[in-house]
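For the single chain, residues carry numbers from 1 onward in sequence order.
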Amino acid sequence: MGGTQPGRMIIRKSPEDIDNLASLGRLLASILRRLAESIRPGVTTTRDLDTLALRLLEENNVYPAFKGYRGYPDALCVAVNEQVVHGIPNDKPLLEGDIVGLDIGIVRDRYYADGAWTYPVGQVSKEAQRLMNVTREALYQGIAQAKPGNRVGDISAAVQRYVENNGYSVVRELVGHGIGFAIHEDPAVPNFGRADTGPRLEPGMTICIEPMVNMGTKDVEFLDDKWTVVTRDRKLSAHFEHMVAVTQDGPLILTVEEG
């Protein structure tokens, strides 16, 4: 879930904290995979996906971090086609050729994890697939900069440079964020900016890097539900997010399954 509000302070995590976050992140990654595997074009609704997400969370003794957060009604945020982020699940089936972003946060004990991935629904157009490919690679371009001695702006600049060099635009209104003991912590991690600016990255910091990339204009607007963010020109958007720890050895992605 993209953040907008300022945090309170940057909290560096202990090795034990990072181990616990990695365990939770592995579970989150497996849940996203199972949600994606359940999609059947013309049949599966985003409400079905939210229902399945709640069942998977219950089976694994974790809780939805988004449900009730600032009044958000569900466990899962969905974003179909021109939706950027924070779409509310509904009863409309996903159709062949759609792309759908699934964004979920989970909490266990005092630890929070957050991750998102955009998936094709059946066969998608070459244009849609390229947008997803570029957005996913932009995520990894940003992650590569998440190492001690760099600054947050190095992540931001790497994402923006890769996206814009490929002819797309990055959303300004929503950004990545710190995470660990709350769903949104400091620092904010924009997908745009200048290198060598912003807070210094230090071992023990845990952040969510999450490019939100539009095929057309960077401009977005909110729908009447006050949650769903859509592209102003109604062109496609994609969203990929990993939770990352800054370590002495470089970036450690926490939201991946083992193996």
Side-chain angles (χ1 to χ4, degrees), residues 1-2 27-60 64-67 69 72-106 113-139 168 171 174 210-217 220-242 255-257:
M1 176 178 276
L27 175 60
L28 186 149
S30 72
I31 289 170
L32 281 176
R33 174 181 52 79
R34 291 180 66 180
L35 292 174
E37 290 173 350
S38 76
I39 295 173
R40 300 292 178 267
V43 176
T44 306
T45 69
T46 53
R47 176 66 60 199
D48 294 333
L49 295 175
D50 187 69
T51 300
L52 175 57
L54 284 168
R55 179 170 66 79
L56 293 172
L57 297 186
E58 183 176 3
E59 288 175 357
N60 288 280
F66 297 168
K67 192 175 178 68
Y69 178 77
Y72 187 76
D74 295 295
L76 190 67
C77 291
V78 295
V80 182
N81 296 333
E82 75 277 6
Q83 296 174 355
V84 180
V85 286
H86 302 169
I88 297 173
N90 60 41
D91 296 320
K92 182 179 178 181
L94 294 166
L95 302 178
E96 184 88 14
D98 286 343
I99 62 173
V100 57
L102 304 180
D103 186 358
I104 192 166
I106 60 178
D114 184 7
W117 216 252
T118 299
Y119 299 97
V121 179
Q123 295 294 316
V124 301
S125 68
K126 290 181 180 179
E127 293 80 9
Q129 187 62 58
R130 181 175 184 273
L131 174 68
M132 290 189 292
N133 292 346
V134 168
T135 308
R136 182 176 59 248
E137 178 58 28
L139 169 62
Y168 300 132
V171 173
L174 295 145
E210 50 178 317
M212 290 159 266
V213 176
N214 297 346
M215 186 174 285
T217 179
V220 300
E221 57 191 30
F222 286 80
L223 297 185
D224 291 342
D225 62 22
K226 308 301 182 185
W227 278 103
T228 308
V229 181
V230 299
T231 57
R232 183 163 293 174
D233 58 12
R234 299 305 193 266
K235 292 184 178 181
L236 296 179
S237 185
H239 176 213
F240 288 82
E241 175 183 16
H242 269 315
T255 39
V256 289
E257 293 187 81

Inset, instruction - Ignoring hydrogens and angles, tell me if any N or O in the side chain of Thr231 forms a donor-acceptor pair with the backbone of Val220 under 3.5 Å. - result: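 Checking the backbone N and O of Val220 against the side chain of Thr231, no donor-acceptor pair under 3.5 Å is found.
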Legend entry - Under 3.5 Å: donor-acceptor pair, side chain of Asp233, backbone of Thr217: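 The answer is yes, because a donor-acceptor pair under 3.5 Å joins these two groups.
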Approximate separation, where rounding is to 0.5 Å, of [X] [atom1] and [Y] [atom2]:
X      : Y      : atom1 : atom2 : value
Ile104 : Leu28  : CD1   : CG    : 6.0 Å
Arg34  : Leu32  : CZ    : CG    : 12.0 Å
Thr118 : Asp98  : OG1   : CG    : 12.0 Å
His239 : Leu139 : NE2   : CG    : 9.0 Å
Leu76  : Ile88  : CG    : CD1   : 12.0 Å
Thr135 : Glu241 : OG1   : CD    : 13.5 Å

Counting only heavy atoms not in [X], do more than 12 sit closer than 6.0 Å to its [atom1] atom?
X      : atom1 : value
Glu59  : CD    : yes
Glu58  : CD    : no
Arg33  : CZ    : yes
Lys235 : NZ    : no

Inset, instruction - Starting from the C-alpha separation in whole Å, work towards a yes-or-no answer on side-chain contact (heavy atoms from CB on, under 4.5 Å) for Leu95 and Val121. - result: CA-CA 7 Å; Leu95 302 178; Val121 179; 6.0 Å; no
Legend entry - Verdict with supporting geometry, Met132 and Val124, side-chain contact (heavy atoms from CB on, under 4.5 Å): CA-CA 11 Å; Met132 290 189 292; Val124 301; 4.1 Å; yes
Inset, instruction - Would you sort out whether Asn133 and Arg130 count as a side-chain hydrogen bond (donor to acceptor under 3.5 Å, both in side chains), showing the intermediate values? - result: CA-CA 5 Å; Asn133 292 346; Arg130 181 175 184 273; over 6 Å; no
Inset, instruction - Step by step, work out the side-chain contact (heavy atoms from CB on, under 4.5 Å) result for Val230 and Gln83. - result: CA-CA 4 Å; Val230 299; Gln83 296 174 355; 3.9 Å; yes
Legend entry - Matching residue for Trp227 among Phe66, Tyr72, Phe222 - test: ring pair (Phe, Tyr, Trp, His ring centres under 6.0 Å):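 For Trp227, the ring pair (Phe, Tyr, Trp, His ring centres under 6.0 Å) check succeeds only for Tyr72.
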Legend entry - Pairing of Glu221 and Arg232 as salt bridge, 4.0 angstrom limit: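 Yes, this pair counts.
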Inset, instruction - Evaluate the ring planes of Trp117 and Phe240, with Trp represented by its six-membered ring, and classify them as parallel (under 30°), tilted (30 to 60°) or perpendicular (over 60°). - result: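 If you compare the ring of Trp117 with that of Phe240, the planes turn out perpendicular.
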Inset, instruction - Would you please test Leu94 and Thr45 for side-chain contact (heavy atoms from CB on, under 4.5 Å) and show each step? - result: CA-CA 6 Å; Leu94 294 166; Thr45 69; over 6 Å; no
Legend entry - Sole residue of Val78, Thr44, Leu102 in side-chain contact (heavy atoms from CB on, under 4.5 Å) with Leu35: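 Of the listed options, the one satisfying the test is Leu102.
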Legend entry - Residue of the set Asp50, Leu54, Leu49 for which side-chain contact (heavy atoms from CB on, under 4.5 Å) holds with Asp74: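 Per the side-chain contact (heavy atoms from CB on, under 4.5 Å) rule, the option paired with Asp74 is Asp50, out of Asp50, Leu54, Leu49.
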Inset, instruction - Can you see which heavy atom on Met215 is nearest to which on Ala128, and at what distance? - result: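 Taking every non-hydrogen atom into account, CE-N, 4.3 Å.
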Legend entry - Closest heavy-atom pair and its distance - Gly122, Pro41: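 Heavy atoms only, the tightest pair is N-CG, 4.0 Å.
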Inset, instruction - Test Thr51 against Asp48 for side-chain hydrogen bond (donor to acceptor under 3.5 Å, both in side chains), laying out the working first. - result: CA-CA 5 Å; Thr51 300; Asp48 294 333; 5.6 Å; no
